[in-house]
Chemist: 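Take a look at the following structure, please.
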2 protein chains.
Amino acid sequence: MDTKTLCLGVLTHGDASGYEIKKAFEDGPFGHIQEIGFGSIYPALAQLLKDNLVTVTQYTQEGRPDKKVYSLTATGRLFLLDALDEPTEPDKVRSDFLFRMMFAHLLSPSALEAMIDERMAVLTEAIAGLEQRANSGFAPASETFIDGYALAIYRAMADYIEENRYQLVSASLLPQRAVAE
Amino acid sequence: MDTKTLCLGVLTHGDASGYEIKKAFEDGPFGHIQEIGFGSIYPALAQLLKDNLVTVTQYTQEGRPDKKVYSLTATGRLFLLDALDEPTEPDKVRSDFLFRMMFAHLLSPSALEAMIDERMAVLTEAIAGLEQRANSGFAPASETFIDGYALAIYRAMADYIEENRYQLVSASLLPQRAVAE
DNA sequence: GTGATATATATCGTTACGATATATTATAAT
DNA sequence: ATTATAATATATCGTAACGATATATATCAC
């Protein structure tokens, strides 16, 4: 799923600027699907415009910079529908945290504990945020489903780490063979 | 965590070729951390060699292509240790599946069911593989921890989808407003 | 008042990704 | 028996994405 298709997806929820599309992938309804940066969004929007999959209207704002609001065209909508019909790619994960845990035996116990504590803090905060959102107002079925999915995963992560962290910490307390050899 | 550091990480487990490094990120101990392709690995190894973080020995094999086996240098090991000491980046996820679930209301019920069934099949297979590996032999604490972590997440995903899929399917049965408007 | 956060777009160099090419052997299927 | 596929092994190349940076203003907290 490339950035262009991702942008088209957000635009089905209503017209938006590049900045607003980014926000949708941060805290908004697309927040747990993936992250995208401005360096991907603006070139993608320029390309979509060239291909007539979106149109743009420029709004002059007082105080703030001009806003370019993009709208989906009929062709754009069909393009998205076609993309949705293609085979689903497997999920892609990259966990800097897990990579570090792979080298628990090379870390000092205190450094390791600090990493795990930091990770737990991030998870606890994410869980609290999702719980709050779940109890506040109405959302479309898809958003409720995805928020619940993310919540279930974060809880599973936090529970697992809390119950098994001692395994890594004891490995860290052993003589650091890999460094010594 | 860039590809170069990822490669150095694998090499702490012993000398390896580019091909073997890729395998380590497929089924091996690094399997649940992230994916990397040859297009990333070979240029990374060339760069590491240039920077004297690894050395290479070429083995002429009968039948098979020549094998270039890379070894970590002392400098390379220090480089990895320094990288491990830097702030941990947040996990990055990109889920083509969740993106599609966001548009459940635009899909036909049968297409949606097929996507969910396919996803469940992938998860069930991953869970079975991890359960088998958990009951077969001894592994370092870090690998046991990471496999258990992955297993906990896959189970949480499968359980959640099985219990909440009806929410999406009923949304799909409603008139497709977005297309009709 | 000073620094941080939010709004808003854009570019640019480096990285990474995905597809493809090449070559051989072992195994599986028809 | 023959054909196809998977596995072993390296490498490149065009495209896509990422991360940092630049620019500009307003609000908000300390």
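Sequence lines set the chain letters: A, B, ... in the order given, protein chains first and strands last, and positions in each chain run from 1. All values below were derived from every heavy atom in this structure, side-chain atoms included, with hydrogens, water molecules and symmetry-related copies excluded.
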Chemist: So, do Glu89(B) and Arg94(A) sit near enough that their side-chain heavy atoms are less than 4.5 Å apart?
Modeler: no
Chemist: Quick one: Ile41(B) CD1 to dT12(D) P, roughly how many Å, whole number?
Modeler: 15 Å
Chemist: Could you state the atom-to-atom distance from NZ of Lys4(A) to C1' of dT15(D) in whole Å?
Modeler: 10 Å
Chemist: Give, ordered by number, those residues of residues 44-57 of chain A having at least one heavy-atom distance below 4.0 Å to an atom of DNA chain D; if nothing qualifies, reply none.
Modeler: none
Chemist: Applying salt bridge (charged side-chain N to carboxylate O under 4.0 Å, His left out), can you list everything that pairs with Asp117(A), at least two apart in sequence or on another chain?
Modeler: Arg165(A)
Chemist: Asn52(A): what forms a side-chain hydrogen bond (donor to acceptor under 3.5 Å, both in side chains) with it, not counting sequence neighbours?
Modeler: none
Chemist: Does any pair with a residue in residues 136-145 of chain B pass side chain to side chain donor-acceptor pair (under 3.5 Å), and if so which ones, sequence neighbours excluded?
Modeler: none
Chemist: Pairs in or reaching into residues 124-145 of chain B: which pass ring-ring contact (aromatic ring centres under 6.0 Å, His included), with residues at least two apart or in two chains?
Modeler: Tyr160(A)-Phe145(B)
Chemist: Between Lys67(B) and Glu20(B) (salt bridge meaning N to carboxylate O under 4.0 Å), is one present in this structure?
Modeler: yes
Chemist: Over all heavy atoms of both residues, which pair between Ser40(B) and Thr3(B) is shortest? Give the atoms and the distance, please.
Modeler: O-CG2, 3.5 Å
Chemist: Over how many whole Å does the gap from Tyr59(A) atom OH to dT9(C) atom P extend?
Modeler: 12 Å
Chemist: Could you list the donor-acceptor pairs under 3.5 angstrom formed by side chains in residues 118-135 of chain A, with sequence neighbours left out?
Modeler:
| from | atom 1 | to | atom 2 | distance (Å) |
| --- | --- | --- | --- | --- |
| Arg119(A) | NH2 | Asp91(B) | OD2 | 3.0 |
| Thr124(A) | OG1 | Met120(A) | O | 2.6 |
| Glu131(A) | OE2 | Arg155(A) | NH2 | 2.8 |
| Arg133(A) | NE | Asp147(A) | OD2 | 2.9 |
| Arg133(A) | NH1 | Asp27(A) | O | 2.7 |
| Arg133(A) | NH2 | Asp147(A) | OD1 | 2.9 |
| Arg133(A) | NH2 | Asp147(A) | OD2 | 3.2 |
| Asn135(A) | ND2 | Glu131(A) | O | 3.1 |

Chemist: Quantify the bending of the helix from dG1(C)-dC30(D) to dT30(C)-dA1(D) as the angle between its end axes, each fitted on five pairs, to 10°.
Modeler: 50°
Chemist: Once side-chain contact (heavy atoms from CB on, under 4.5 Å) is applied, do any residues pair with Thr73(B), and if so which ones, sequence neighbours excluded?
Modeler: Thr55(B), Thr75(B)
Chemist: Return the residues of residues 15-30 of chain B meeting this criterion: a heavy atom under 4.0 Å from some atom of DNA chain D. Order them by number, or give none.
Modeler: Ser17(B), Gly18(B), Tyr19(B), Lys23(B)
Chemist: Taking CG from Asp2(A) and P from dC18(D), how many angstroms apart are they, rounded to a whole number?
Modeler: 11 Å
Chemist: Is there a donor in the side chain of Thr88(A) and an acceptor in the side chain of Asp96(B), or the other way round, less than 3.5 Å apart?
Modeler: no
Chemist: Give the rounded distance in Å between these two atoms: CD of Glu35(B) and C1' of dC17(C).
Modeler: 12 Å
Chemist: Indicate the atoms forming the closest heavy-atom contact of Ile116(A) with Phe97(A), along with that distance.
Modeler: CA-CE1, 4.3 Å
Chemist: Sequence neighbours excluded and cut-off under 3.5 Å, please list the side-chain donor-acceptor pairs for residues 30-39 of chain A, or say none.
Modeler:
| from | atom 1 | to | atom 2 | distance (Å) |
| --- | --- | --- | --- | --- |
| His32(A) | ND1 | Tyr154(A) | OH | 3.3 |

Chemist: Do you know which two heavy atoms are closest between Ile21(A) and Leu11(A), and how far apart they sit?
Modeler: CD1-CD2, 4.3 Å
Chemist: Would you kindly give the NZ-to-C1' distance between Lys68(A) and dT7(C), to the nearest whole Å?
Modeler: 16 Å
Chemist: Are there any protein N/O atoms within less than 3.5 Å of an N/O atom in nucleotides 18-22 of chain C, and if so, which ones and at what distance?
Modeler:
| from | atom 1 | to | atom 2 | distance (Å) |
| --- | --- | --- | --- | --- |
| dG18(C) | OP1 | Lys92(A) | NZ | 2.9 |

Chemist: Output all residues satisfying side-chain hydrogen bond (donor to acceptor under 3.5 Å, both in side chains) with Asp159(B), sequence neighbours left out; order by chain, then residue number.
Modeler: none
Chemist: If I take atom CD1 in residue Ile36(A) and atom C1' in nucleotide dC18(D), what distance separates them, rounded to the nearest angstrom?
Modeler: 12 Å
Chemist: Counting just side-chain N and O atoms, does Arg94(B) come under 4.0 Å of either OP1 or OP2 of dC18(D)?
Modeler: yes
Chemist: Where each residue is assigned the nucleotide of DNA chain D containing its nearest heavy atom, which of Gln34(A) and Val69(B) is assigned the position nearer the 5′ end?
Modeler: Val69(B)
